[in-house]
**Student:** 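The structure's right below; bear with me while I get my questions together.
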2 protein chains.
Amino acid sequence: MGGRDATKPVTARAAKPTIVQVAAAAGVSPTTVSHALNGKGRVDEGTRAHVERVAASLGYSANRYARGLRSGRFAAHALLLPVALGRGGSGALTLDYYMRLASGVAAELFAHRQLLVLVPPVPDAGAVASIPVDGAIVVEPTEGDEQLAALREAGLPTVTTDRDPDHPDDPWCVTSDLGRGTTALLDHLAGEGATRVALVLPDARREWPRAVESAYDEWCDRRGSAPVVERVALAARAHAVHAATCALVDAKPAVHAILVGAERFVPAVMDALADRGVRVPHDLLVAACVDGNHARGAAPPLTAFDLRPELQARAAVELLLARVSGAAPTGPTVVRGALHVRASTTRSHARVRSSRAASAERGTRQSH
Amino acid sequence: MGGRDATKPVTARAAKPTIVQVAAAAGVSPTTVSHALNGKGRVDEGTRAHVERVAASLGYSANRYARGLRSGRFAAHALLLPVALGRGGSGALTLDYYMRLASGVAAELFAHRQLLVLVPPVPDAGAVASIPVDGAIVVEPTEGDEQLAALREAGLPTVTTDRDPDHPDDPWCVTSDLGRGTTALLDHLAGEGATRVALVLPDARREWPRAVESAYDEWCDRRGSAPVVERVALAARAHAVHAATCALVDAKPAVHAILVGAERFVPAVMDALADRGVRVPHDLLVAACVDGNHARGAAPPLTAFDLRPELQARAAVELLLARVSGAAPTGPTVVRGALHVRASTTRSHARVRSSRAASAERGTRQSH
DNA sequence: CTGAAAGCGCTTACAG
DNA sequence: CTGAAAGCGCTTACAG
């Protein structure tokens, strides 16, 4: 049984056992070990159990690269986050939304024994296609997205989160119901007495700002009120958002509420309102289309629509694995978001206080 | 020249050329292609240039797994973020700090033609060691960190970000000068008139809260003032932080400033102060030990110490690649953070206004 | 300076 | 049900 092995020099580093060593220890062939461990072919149940026990006792796990080389599968997938917005690391990547999404994708893939390769923004578009992965998730592609195009051309199975503006009918995507969320937000604001609602709209060639805009337009249309929109580049500096907010404060006739289209605008919007002496929610209501750290941490906390990135992550992985294994498309997966009403749109101070107290109580009870 | 190749069936998917095809097209052997492309061995300069041209024209890139299998290197590294703090995705991973760090590591590795595998929190500690990577970066290990122990036992080259509490002398780590930052923060607060400064301290078995605490203790000692500390679990719910803050507001004698040890505490602290009618900075100064979205987006924005995760990422990758290639340890890399003074500790309103206006002006000028 | 050959650790037809 | 053999695409001693 492999006498040669005995003369092999012991490597310095904790020698990872190979399939040959497991086979020798179990008294079977490497082929049988492979079959037993992968559930392929026909293996006697007793043999399989025995092999599994031996493999476990040796701490064996297949070399992923050898497996990938032979099988053509890498058991790894790439995640491409949006190109950095703005400069100096203070762009979109500072949003916790992406962290929750990336973390969710990593966890979901890991549960399927797959790995997540995090691809940094804007490396060479061509190089992206040569990364050894079985598929890729592209987050919020833009119009004319070069990386996405490179992946498509290379024939790599790809799923997008948020629709691809260039292929709006691509069934391999996960979207949110941000349009519905926007409408719900507007209805909620109207319910709180704000009939004239202004919108600070990110000017990005992505699908989600368009969803926000058309929902807003339709809503205004339905109510017969004139849209009041300030457009700001998604990567804009704070002062631009600040200026846009001041413009809305000065609007005639006065607006009752501001809907903030991008979460990264929130601090600058609140800053501008504070500078102008506008009290929220007393003088003006404020809500955000996308929930996140900024919205939750604002003073007062902002009512916002939670896209639930964890669910999007799960849906994207599911879709991607299906596509990689050659399944037929079943259409886009729509992840339903959730509206979180907070103090920024709640006029009655009493209500805010009591909901706060209630949640504090809940917390106390749960932690005991 | 490989007549057999001509009879090979054409694969459906965009056929990635292999080294054999490049060799055939260039009229040389695969060995020479390998040498030419990897800068190994001796190859005639003309031959090398020719091979490079042919490879580029064919869109060739080496199959990473075949290379890894043969060379024993995977050209990939794992990043292990801290275990999720708290439940339901609202833990530490919602902090942009980790996103900036992860993104920075990915970019830096990519620049070295290496890949980043993002390992989700708390998968099986044993399984972590069998991921096909050349090394790992463990972020903020805890005392008795199981994943780190598993990686060490498996002999995988590892670098930690923040010291490993179990191996404080391990030279393979990147740390910040958070102790100095804490002192600088305290000195700044004292300079603004706050001589009695309370601390909300995260109670985590990690190195950085200890750095904050000992810097704080020393500072109090030096000034002969009694420490006022509220300890809160790093994963604590908002109501616990809220309660701790209220306790500090009620402290006798009254404190002049609150130093917030963990950035994730910021919203709850500010919330509590607002609830108690405490105005910042008028009645009380507030600063955060770690900068981030919460600190920047608070109302008013909080003075904080920026750990500069991008620089930490770069340092960690450098250290890791050195360790993987067998270099001798050169000691921990200390990344200097930067103190950002903001409105939360600036009493003179005029100063705040003017600095705001100045930055807005700067922004305007730059964007033209 | 160049190349033929071996082999990394697996999985996969193919025999038996 | 089990195994011997081929081969995935590369790199690495080794010859020349």
Side-chain angles (χ1 to χ4, degrees), chain A residues 1-2 4-5 8-9 11 13 15-51 54-55 58-76 113 130-132 134, chain B residues 1-2 4-5 8-9 11 13 15-51 55 58-76 113 130 132 134:
Chain A
M1 309 178 200
R4 233 174 26 125
D5 284 355
K8 255 194 194 163
T11 56
R13 185 153 288 159
K16 280 188 94 182
T18 71
I19 198 173
V20 174
Q21 293 169 49
V22 174
V28 296
S29 75
T31 301
T32 299
V33 174
S34 176
H35 283 163
L37 262 29
N38 294 312
K40 302 261 175 95
R42 325 201 149 285
V43 187
D44 179 85
E45 193 40 55
T47 309
R48 178 196 307 285
H50 176 228
V51 167
V54 171
L58 259 48
Y60 171 79
S61 73
N63 178 316
R64 216 156 184 132
Y65 277 34
R67 175 185 297 195
L69 179 56
R70 176 60 207 174
S71 67
R73 288 279 176 87
F74 297 125
R113 317 180 128 262
S130 73
I131 296 174
D134 300 326
Chain B
M1 310 177 196
R4 235 175 23 125
D5 284 356
K8 256 193 193 165
T11 57
R13 186 154 287 159
K16 280 188 93 180
T18 72
I19 198 172
V20 173
Q21 294 169 48
V22 173
V28 296
S29 73
T31 301
T32 299
V33 173
S34 175
H35 283 162
L37 261 29
N38 295 312
K40 302 259 175 94
R42 324 202 149 284
V43 186
D44 178 85
E45 194 39 56
T47 309
R48 178 195 307 284
H50 177 228
V51 168
L58 259 47
Y60 171 78
S61 74
N63 178 317
R64 213 155 187 134
Y65 278 32
R67 176 188 302 206
L69 178 57
R70 175 58 208 181
S71 66
R73 289 278 176 86
F74 297 125
R113 318 181 127 260
S130 74
D134 299 327

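Throughout, a chain's letter reflects where its sequence line sits, starting with A, and its residues are numbered from 1. Here the structure is a predicted model, which means the values were calculated and not measured.
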**Student:** Taking CG from A:Leu37 and P from C:dC10, how many angstroms apart are they, rounded to a whole number?
**Tutor:**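 Atom-to-atom, A:Leu37 to C:dC10, this comes out as 10 Å.
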**Student:** Can you tell me how far P of C:dC10 sits from CG of A:Asn38, to the nearest Å?
**Tutor:**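 Value for this atom pair: 10 Å.
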**Student:** Tell me which nucleotide among D:dT12, D:dC1, C:dT12 gets nearest to the side chain of A:His35.
**Tutor:**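 Minimum distance to the A:His35 side chain belongs to C:dT12.
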**Student:** Using the side chain to side chain contact (heavy atoms under 4.5 Å, CB included) rule, take B:Val28 and B:His35 through it: C-alpha gap first, then chi angles, then the decisive distance, then the call.
**Tutor:** CA-CA 11 Å; B:Val28 296; B:His35 283 162; over 6 Å; no
**Student:** May I ask you to evaluate whether B:Thr47 reaches the phosphate of C:dC1, defined as a side-chain N or O under 4.0 Å from OP1 or OP2?
**Tutor:** no
**Student:** In the strands shown, is D:dG16 matched to any nucleotide by a Watson-Crick or G-U wobble pair with both distances under 3.5 Å, and which?
**Tutor:** C:dC1
**Student:** Using OP1 and OP2 only, check whether a side-chain N or O of A:Ser34 sits under 4.0 Å from C:dT11.
**Tutor:**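 Result: yes.
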**Student:** Just the rounded figure in Å: distance from P of C:dC1 to NE2 of B:His50.
**Tutor:** 18 Å
**Student:** Before giving the answer on side chain to side chain contact (heavy atoms under 4.5 Å, CB included), spell out for A:Thr18 and A:Gln21 the whole-Å C-alpha distance, their side-chain angles and the decisive distance to 0.1 Å.
**Tutor:** CA-CA 5 Å; A:Thr18 71; A:Gln21 293 169 49; 3.6 Å; yes
**Student:** Mind checking B:Arg67 for me? I need base, sugar-phosphate or nothing, with any heavy atom below 4.0 Å counting as a touch.
**Tutor:**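 Sugar-phosphate, no base atom in range.
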**Student:** Just so I know, are the side chains of B:Leu37 and B:Val51 near enough to count as touching, which here means a heavy-atom distance under 4.5 Å?
**Tutor:**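 Of all side-chain heavy-atom pairs linking B:Val51 with B:Leu37, at least one is under 4.5 Å.
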**Student:** Between CZ of A:Arg48 and CG of A:Asn38, what distance do you get to the nearest 0.5 Å?
**Tutor:**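 So the CZ of A:Arg48 and the CG of A:Asn38 are separated by 9.5 Å.
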**Student:** Measure the OG1-CD distance between A:Thr47 and A:Glu45 for me, rounded to the nearest 0.5 Å.
**Tutor:** 8.5 Å
**Student:** Quick one: is B:Thr32 getting a side-chain N or O under 4.0 Å of the C:dG3 phosphate, OP1 or OP2?
**Tutor:** yes
**Student:** Using heavy-atom distances to pick each residue's nearest nucleotide on DNA chain C, tell me which of B:Ala66 and B:Val28 is more 5'.
**Tutor:**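 Between the two, 5'-proximity favours B:Val28.
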**Student:** Without decimals, in angstroms, what is the distance between B:Leu69 CG and D:dT12 C1'?
**Tutor:**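 Computing the B:Leu69:CG to D:dT12:C1' distance gives 13 Å.
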**Student:** OP1 or OP2 of D:dC8 sitting under 4.0 Å from any side-chain N/O of B:Asn63?
**Tutor:** no
**Student:** Rounded to whole Å, how long is the line connecting atom CZ of B:Arg42 with atom C1' of D:dA13?
**Tutor:** 15 Å
**Student:** Which nucleotide in the list D:dT12, D:dC10, C:dT12 gets nearest to the side chain of B:Lys40?
**Tutor:**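 Closest nucleotide among those given: D:dT12.
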**Student:** So which nucleotide from C:dC1, D:dT2, D:dC10 ends up closest to the side chain of A:Val43?
**Tutor:** D:dT2
**Student:** Toward the 5' end of DNA chain C, which comes first, A:Thr18 or B:Glu45, by nearest nucleotide?
**Tutor:**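 By nearest-heavy-atom nucleotide position, the 5'-most residue is B:Glu45.
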**Student:** Less than 4.0 angstrom between a side-chain N/O of A:Thr31 and OP1 or OP2 of D:dG3, yes or no?
**Tutor:** no
